[in-house]
Amino acid sequence: MSAFSPHTVDFDAVYQGKPVAEGAGVAFDLAPWDIGEPQPAVVELERDGRFHGEVLDVGCGLGENAAFLAARGHRVTGVDGSATGLEEAARRARARGVEVAFVCSDATSLAELGDRRFDSVLDSALYHCLDDDQRQRYAEALHRVTVPGGQLNLMCFADLDEGVRFPMAVSQENLHANLGTHWDIEEIRRESYTTSLTVDAFTSLGTQSMTDLGFGIDAERARCDDQGRVLGPVWQVRAKRRA
């Protein structure tokens, strides 16, 4: 098992610039998912009208997606299990002049949300951070905190090798198995996820160390955006809450 797994990742440590897990030799200057702006795929989802009413951003991390949605006029609550991440998320939201409610909670229970109900949910790269038992409880928790007909927009690392390999990648079958009890999956399609890492950054962190964490990159096949940031494959799920 790689050091970068659902049971070993210390997200507070990542946000503090420390090694990502006990025994791991890699510490990131920036979290690989911290691009200082919303994920382009989230921007497209918003343009497609996938967010309405009360919006829940689960696993919001440093809050870039939540702040973007708030700036677009949505009422947003961001949830994360990392107090360090939420502190920075709140600071960034204030700096952008937007209002987001941030709540520290375990995503598999969402107990801290109480009896609140949401119309739309965003999960940008949380699902794959859970093991299968946690994914089942997560799907149930999301069902509990959403209204009938609520929409789920989920992106998780895909089990594809397109020059970039992400750790903890999942299959479409896994998504159906763990979400299907509570959610009607309407579409799963391949999408790109923008990282903060360049090809050179991968190399400088050490090929073996990154391999040990579950990352893989083929410099000749890897795709990058116009800023040189590595793009990796994710599954984008569009689902509707089952009554």
Side-chain angles (χ1 to χ4, degrees), residues 33 37-61 63-81 89 93 98-103 105-130 134-158 170-194 233-243:
W33 54 89
E37 61 184 278
Q39 278 290 323
V42 174
V43 174
E44 289 302 315
L45 285 169
E46 198 281 330
R47 289 174 180 167
D48 288 346
R50 291 290 299 178
F51 301 104
H52 62 281
E54 294 289 334
V55 179
L56 176 63
D57 181 0
V58 183
C60 66
E64 292 292 348
N65 294 322
F68 162 74
L69 292 172
R72 295 290 297 170
H74 300 285
R75 297 186 301 275
V76 185
T77 298
V79 169
D80 202 274
V98 297
E99 184 175 345
V100 178
F102 290 107
V103 178
S105 183
D106 182 340
T108 65
S109 70
L110 299 175
E112 285 72 15
L113 294 178
D115 60 359
R116 294 190 60 188
R117 297 294 180 269
F118 297 87
D119 303 280
S120 313
V121 178
L122 170 65
D123 172 347
S124 177
L126 168 64
Y127 178 88
H128 57 253
C129 296
L130 309 173
Q134 291 172 321
R135 290 167 186 169
Q136 292 275 349
R137 288 186 281 124
Y138 173 54
E140 181 178 2
L142 288 181
H143 184 273
R144 179 181 60 80
V145 301
T146 48
V147 301
Q151 292 181 320
L152 171 62
N153 307 282
L154 181 151
M155 287 186 293
C156 64
F157 293 167
V170 299
S171 66
Q172 294 191 43
E173 291 76 16
N174 182 280
L175 289 161
H176 281 286
N178 289 308
L179 294 177
T181 303
H182 299 285
W183 296 85
D184 291 321
I185 294 177
E186 300 172 319
E187 180 184 34
I188 302 178
R189 67 181 181 185
R190 184 229 172 270
E191 186 55 81
S192 293
Y193 188 87
T194 304
V234 292
W235 297 126
Q236 184 184 91
V237 180
R238 300 187 183 204
K240 185 176 181 179
R241 182 190 188 271
R242 185 169 296 163

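Heavy-atom basis, side chains included; hydrogens, waters and symmetry copies ignored.
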*Where A139 and L179 come nearest, the two heavy atoms and their spacing*: CB-CD2, 3.9 Å
*For Y193 and A125, which heavy atoms make the closest approach, and how far apart are they?*
OH-CB, 3.7 Å
*Of all residues at least two apart in sequence or in a different chain, which pass the ring-ring contact (aromatic ring centres under 6.0 Å, His included) check with H143?*
H182
*Which value, rounded to the nearest 0.5 Å, describes the distance between D80 atom CG and L126 atom CG?*
7.5 Å
_From CA spacing to verdict: side-chain contact (heavy atoms from CB on, under 4.5 Å), V121, R241_ = CA-CA 10 Å; V121 178; R241 182 190 188 271; over 6 Å; no
*Between N65 and C60, is there a donor-acceptor pair closer than 3.5 Å when you use the side chain of the first and the backbone of the second?*
no
*G61 and A89: which non-hydrogen atoms are nearest, and at how many Å?*
O-CB, 3.6 Å
*Qualifying residue, where the test is side chain to side chain donor-acceptor pair (under 3.5 Å) with N178 and the options are Q134, Q136, E173, R135*: Q136
*Taking the side chain as every heavy atom from C-beta outward, state whether H74 and L122 have any pair of such atoms under 4.5 Å apart.*
no
*Go through the steps to decide whether L152 and T146 satisfy the test side-chain contact (heavy atoms from CB on, under 4.5 Å), and finish with yes or no.*
CA-CA 9 Å; L152 171 62; T146 48; over 6 Å; no
_Once rounded to the nearest 0.5 Å, what's the spacing between atom CG of L175 and atom CH2 of W235?_
9.0 Å
*Once you round to the nearest 0.5 Å, how far does CG of L142 lie from CG of L154?*
8.5 Å
*Nearest heavy atoms of S105 and A111, plus distance in Å*: OG-N, 3.7 Å
*Flag the pair I188 / H176 as yes when at least one side-chain heavy-atom distance between them is below 4.5 Å, and no otherwise.*
yes
*Determine whether V98 and V76 make a side-chain contact, defined as any pair of heavy atoms from C-beta on separated by less than 4.5 Å.*
no
*asked:* Among residues at least two apart in sequence or on other chains, which ones pass side chain to side chain donor-acceptor pair (under 3.5 Å) with W183?
replied: none
*Enter the distance from Q172:CD to R189:CZ here, rounded to the nearest 0.5 Å.*
12.5 Å
*Could you pull out the closest heavy-atom pair between A141 and A107, with the gap in Å?*
CB-O, 3.9 Å
_Selection residues 65-77 - residue pairs positive for salt bridge (charged side-chain N to carboxylate O under 4.0 Å, His left out), sequence neighbours left out_ = E46-R72, E54-R75
*Do side-chain atoms of R238 reach the backbone of Q236 as a donor and acceptor pair under 3.5 angstrom?*
no
*What are the two closest heavy atoms between V100 and G78, and how far apart are they?*
CG1-N, 4.0 Å
_salt bridge (Lys or Arg N to Asp or Glu O under 4.0 Å) assessment of D184 paired with R242_ = CA-CA 6 Å; D184 291 321; R242 185 169 296 163; 2.5 Å; yes
*Can any side-chain N or O of Q151 pair as donor or acceptor with the backbone N or O of F51 at less than 3.5 Å?*
no
*Residues in salt bridge (charged side-chain N to carboxylate O under 4.0 Å, His left out) with D106, at least two apart?*
none
*CZ of F68 to CD of E37: how many Å apart, nearest 0.5 Å?*
10.5 Å
_Check: S120 side chain, H52 main-chain N or O, donor-acceptor pair, under 3.5 Å_ = yes
_Quick test of your reading: applying salt bridge (charged side-chain N to carboxylate O under 4.0 Å, His left out), list the pairs with at least one residue in residues 136-146, sequence neighbours left out, ordered by first then second residue._
D133-R137
*asked:* Could you work out, with side chain to side chain donor-acceptor pair (under 3.5 Å) as the rule, every residue matching E99, not counting sequence neighbours?
replied: none
*Roughly how far, to the nearest 0.5 Å, is OH of Y127 from OH of Y138?*
9.5 Å
_Heavy-atom donor-acceptor pair, N153 side chain to D123 backbone, under 3.5 Å_ = no
